[in-house]
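These notes concern the structure reproduced below.
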Number of protein chains: 2
Amino acid sequence: MTARIAQVDLPGVTPSRQQRSRETTFALLTAGAELLCTRNLAELSISDLCAQIGATVGAFYSRFDSKEAYFNALLALTLEGGRQELLKLPPAGSVHPGDLDAQCHQLVRGIVLWMRRHKGVLRAALVRGEHGANNWTGFKDLAQALSQRAALLLRPAPHDSGAVRRKPAATAAELKTVAFGVQVVLSTLVNAILNDPGPLSIDDDEIAERLGACLVLLLRAGSDGPAPKPRGRPSKR
Amino acid sequence: MTARIAQVDLPGVTPSRQQRSRETTFALLTAGAELLCTRNLAELSISDLCAQIGATVGAFYSRFDSKEAYFNALLALTLEGGRQELLKLPPAGSVHPGDLDAQCHQLVRGIVLWMRRHKGVLRAALVRGEHGANNWTGFKDLAQALSQRAALLLRPAPHDSGAVRRKPAATAAELKTVAFGVQVVLSTLVNAILNDPGPLSIDDDEIAERLGACLVLLLRAGSDGPAPKPRGRPSKR
DNA sequence: CAATAACCATAATTATGATTATGATCTGGA
DNA sequence: TCCAGATCATAATCATAATTATGGTTATTG
């Protein structure tokens with residue numbers, strides 16, 4: 001999404017055969033991402049969008065099959081960028097146990113920075129009610145990938161330090177703890193983008209601090225202590 | 001919202017002068033809450049809504065000024081009910097320090113149960129992009145009230161046990177910690193309602209367990225240890 | 001430098017659903 | 001019981017914005 005005015009090959013997007021159309025396609029996508037910081041998807045009319053870049057609806061429909069296809073493309077590109085960027089966090093593959101704290105903070109901070117940069121598209125996508133699941137699965141995939149990433153924080157890669165004090169593989173319970181931690185972190189950020197309930201907003205650096213710390217607490221509590229004391233009957237999932 | 005077919009006096013709602021209309025008003029509100037579990041607000045057409053209860057659009061518009069007024073009323077009633085219900089949680093006003101754990105769990109569980117029961121309206125309200133702030137402020141108020149409530153958990157009411165080991169009033173830092181904890185809990189639940197990202201959904205009892213435990217961790221960490229170690233420059237707010 | 005296909009602008013068309021107009025039918029108080 | 005509202009049903013409006021139709025303009029290619 002940054003600078004590559006390269007081909008965009010996605011369903012519902014007419015492939016460009018000339019440089020000109022590649023540019024309008026790109027311009028439309030970029031302008032949309034920008035405008036979605038203000039309006040939501042329903043409020044973003046095709047003609048507004050086109051006016052923004054000095055084009056007309058005719059141009060739009062010669063590039064995209066429909067408004068939905070357009071937004072799907074925009075979202076797909078955004079998420080793909082996110083995958084690229086986030087899955088290299090935290091940078092170091094193997095860490096010393098003591099680094100858990102720093103690594104968590106770094107991971108969360110990376111997520112926050114990415115989300116800030118894509119507020120508009122993310123909000124629009126998250127708000128889009130029901131419809132085809134095509135939409136939300138992309139998020140789930142990303143979240144799951146992040147979860148796996150975070151699991152590595154807890155249990156460094158098997159071939160790591162010589163010490164063999166812990167089993168190399170994380171237990172199922174630990175995996176669930178990690179997944180829940182990621183759910184909490186992402187949910188808080190998503191809600192900050194959607195509703196900004198306060199006290200901390202997505203643009204406060206402190207939100208990254210606190211969520212990082214929160215993740216540390218959850219991971220630690222889940223890995224040494226027993227599972228959070230069960231009450232009531234067992235739940236599903 | 002439960003059984004009182006009493007007057008509903010809200011802006012945009014025409015006051016009923018006959019029993020009949022009181023009933024249709026109530027039926028419309030109830031049916032809307034139900035239908036919103038499936039569709040979102042945009043997908044809920046007035047005629048669908050009316051068909052649902054065997055009425056027609058004429059009836060609707062003789063009760064409500066507009067669709068927006070209708071939903072505002074629905075939301076207002078829902079939130080009012082929430083205030084009534086949630087602000088009596090946790091039941092005991094004064095608690096022993098050791099009860100923090102149990103109280104947190106109870107508070108969170110209460111919130112979860114309430115949210116489950118109002119999924120539809122809550123989702124619709126949360127999804128409603130931008131527009132007049134009339135909407136979201138209701139939530140903020142509730143969240144803030146909950147926050148104060150939670151603050152009491154941390155620091156029991158001043159006139160409590162004879163022991164004077166802690167200052168009776170919570171520090172500003174502690175209040176912020178509490179507010180953040182509430183933000184995390186509510187955000188996770190809101191996102192569970194909106195997007196159900198997993199692993200835990202709003203209908204899993206385990207989500208209440210884990211969030212309760214999470215709240216405990218956050219409160220404890222914030223009240224004894226120093227604030228989460230600051231890195232980078234200080235943030236706003 | 002044509003000729004042909006891409007590309008795009010303009011001006012309809014269409015679909016949807018909220019809102020209103022109009023007149024019947026009901027209700028509660030006298 | 002009877003009637004003046006109150007309430008509701010039906011059938012138009014209206015507004016909005018997505019989508020299409022049509023034809024002109026621009027780029028590639030032989």
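The sequence lines fix the lettering, A, B, ..., with proteins before strands; numbering per chain opens at 1.
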Nearest-Å distance for atom pair [atom1]/[atom2], residues [X] and [N]:
X	N	atom1	atom2	result
B/Phe60	D/dA6	CZ	P	20 Å
A/Leu44	D/dT16	CG	P	17 Å
B/Phe71	C/dA18	CZ	C1'	17 Å
A/Leu28	C/dC8	CG	C1'	12 Å
A/Asn40	D/dA17	CG	P	11 Å
B/Glu43	C/dA15	CD	P	20 Å
A/Asp65	D/dT20	CG	C1'	13 Å
B/Tyr70	C/dT19	OH	P	13 Å

Show me the protein contacts with nucleotides 23-30 of chain C, counting only N or O atoms at under 3.5 Å.
residue : atom : partner : partner atom : Å
C/dT27  : O4'  : B/Gln18 : OE1          : 3.0

Between [X] and [Y] (side chain of the first, backbone of the second, donor and acceptor by atom type, cut-off under 3.5 Å), is there such a pair?
X	Y	answer
A/Lys67	A/Leu44	yes
B/Glu43	B/Asn40	yes
A/Arg123	A/Leu194	no

(request) For A/Phe60, check ring pair (Phe, Tyr, Trp, His ring centres under 6.0 Å) against everything at least two apart and list the hits. (result)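 With sequence neighbours excluded, A/Phe60 shows a ring pair (Phe, Tyr, Trp, His ring centres under 6.0 Å) to A/Phe64, A/Tyr70, given in chain and number order.
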(request) Just call it for A/Ser21: base, sugar-phosphate, or nothing, with non-hydrogen atoms closer than 4.0 Å on any strand. (result)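 Result for A/Ser21 = sugar-phosphate.
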(request) For a side-chain contact (heavy atoms from CB on, under 4.5 Å) with A/Phe180, tell me which candidate from A/Val184, A/Val182, A/Val178, A/Thr177 qualifies. (result)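 Exactly one pass, corresponding to A/Val184.
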(request) Could you say whether B/Lys67 or A/Thr24 is positioned toward the 5' end of DNA chain C, judged by the nucleotide with the nearest heavy atom to each? (result)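 The answer here is A/Thr24.
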(message) Using a strict threshold of under 4.0 Å (side-chain N to carboxylate O), is an ion pair present between A/Glu34 and A/Arg39?
(response)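 The answer is no: the pair does not qualify as a salt bridge.
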(request) Could you grab the distance from atom OG1 of B/Thr188 to atom CZ of B/Arg210, nearest 0.5 Å is fine? (result)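 So the OG1 of B/Thr188 and the CZ of B/Arg210 are separated by 12.5 Å.
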(request) Would you give the length of the straight line joining atom CD1 of B/Ile202 to atom CG of B/Asp205, rounded to the nearest 0.5 angstrom? (result)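 Output value for this atom pair is 10.5 Å.
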(message) Counting only side-chain nitrogens and oxygens, does B/Arg63 get under 4.0 Å of the OP1 or OP2 atom of D/dA6?
(response)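 It does not, given that no N or O in the side chain of B/Arg63 lies less than 4.0 Å from OP1 or OP2 of D/dA6.
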(request) Just compare D/dA9, D/dT10, D/dT7 and give me whichever is closest to any side-chain atom of B/Ala59. (result)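 That would be D/dA9.
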(request) Would you indicate which nucleotide in D/dA18, D/dC8, C/dT19 comes nearest to any side-chain atom of B/Tyr61? (result)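 So the side chain of B/Tyr61 is nearest to C/dT19.
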(message) What verdict does the side-chain hydrogen bond (donor to acceptor under 3.5 Å, both in side chains) test give for A/Gln148 and A/Gln144, after you've listed the backbone C-alpha separation in whole Å, the side-chain angles of each residue and the deciding distance to 0.1 Å?
(response) CA-CA 6 Å; A/Gln148 289 179 231; A/Gln144 213 164 307; 5.2 Å; no
(message) Near DNA chain C, counting only heavy atoms under 4.0 Å, which residues of residues 45-54 of chain A show up?
(response)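 A/Gly54, in order of number.
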